*Asks:* 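I have a structure here, written as structure tokens, and I will follow up with some questions on it.
Bear in mind the structure is a predicted one, so any value in this text is a computation, not a measurement.
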Amino acid sequence: CRFGQVVDCCRRRKSILHMPYWERLRYINAVKDLRSGTGGATPALQTQYLALVDDHGASFSSGIHAAGELLPWHRAYIKQYEDLLRQVDCRITVPYWPWSLDHADPWGSNLWNPSTSWFGGGTGSMCVP
């Protein structure tokens, strides 16, 4: 990313559990902007995001999570999501959760920490507000 534009793009996904505070916050703020159509996002990006969310809901309802093509479908879905986020902030990549570190107690993971820099979002509700 140079001067707000993607240059020689090579995406490197990082573990959400090992991202520095400022990087997690950048990701969470980009998600919030995209959802609201404010900040770095435009209303047009918000519309695209909402269409993508609707697509996920429709695909989920039609059984995509139980289908053999889930993995390639989900990979393409995450790339579309990341592409939208990168229009808000070109430094963003969607982090991954190394769930094997938390397999014994997934809900006890720091991922759900109620701090505003984690997915608990300061609400304690286990989702980004």
*Asks:* What's the separation between atom CG in Leu84 and atom CD1 in Ile92, rounded to the nearest 0.5 Å?
*Replies:* 12.5 Å

*Asks:* Tell me the closest heavy-atom pair linking Leu101 and His18, and the distance in Å.
*Replies:* CD1-CE1, 3.9 Å

*Asks:* Is the shortest side-chain heavy-atom distance between Trp97 and Ser15 below 4.5 Å?
*Replies:* no

*Asks:* I need the minimum non-hydrogen distance between Val94 and Arg13, along with the two atoms involved.
*Replies:* O-NE, 2.7 Å

*Asks:* Give every residue pair that meets the side-chain hydrogen bond (donor to acceptor under 3.5 Å, both in side chains) criterion with at least one member in residues 72-81, sequence neighbours excluded.
*Replies:* Tyr27-Tyr81, Lys79-Asp83

*Asks:* Treat each ILVMFWY residue as a node, draw an edge where side-chain heavy atoms are under 4.5 Å apart, and state whether Tyr96 and Leu85 are in one component.
*Replies:* no

*Asks:* Using side-chain heavy atoms (C-beta onward) and a distance below 4.5 Å, is Arg12 in contact with Thr93?
*Replies:* no

*Asks:* Asp89 and side-chain contact (heavy atoms from CB on, under 4.5 Å): which partner among Arg91, Gln87, Arg86?
*Replies:* Arg91

*Asks:* Please identify each residue that fulfils side chain to side chain donor-acceptor pair (under 3.5 Å) with Trp99, with sequence neighbours left out.
*Replies:* none

*Asks:* Where do His103 and Pro106 come nearest, in terms of heavy atoms and distance?
*Replies:* O-CD, 3.6 Å

*Asks:* Taking only distance into account, with no hydrogens and no angle test, what donor-acceptor pairs under 3.5 Å do side-chain atoms of residues 38-47 form with protein atoms, sequence neighbours excluded?
*Replies:*
| from | atom 1 | to | atom 2 | distance (Å) |
| --- | --- | --- | --- | --- |
| Thr38 | OG1 | Ser36 | OG | 2.5 |
| Thr42 | OG1 | Ala44 | N | 3.4 |
| Thr42 | OG1 | Leu45 | N | 3.1 |
| Gln46 | NE2 | Arg35 | O | 2.8 |
| Gln46 | NE2 | Ser36 | O | 3.4 |
| Thr47 | OG1 | Pro43 | O | 3.0 |

*Asks:* Using residues 54-70 as the side-chain source, report each donor-acceptor pair under 3.5 Å to any protein atom, sequence neighbours left out, with the distance given to one decimal.
*Replies:*
| from | atom 1 | to | atom 2 | distance (Å) |
| --- | --- | --- | --- | --- |
| Ser59 | OG | Asp55 | O | 3.0 |
| Ser61 | OG | Gly57 | O | 3.0 |
| Ser62 | OG | Ala58 | O | 3.3 |
| Ser62 | OG | Ser59 | O | 3.0 |

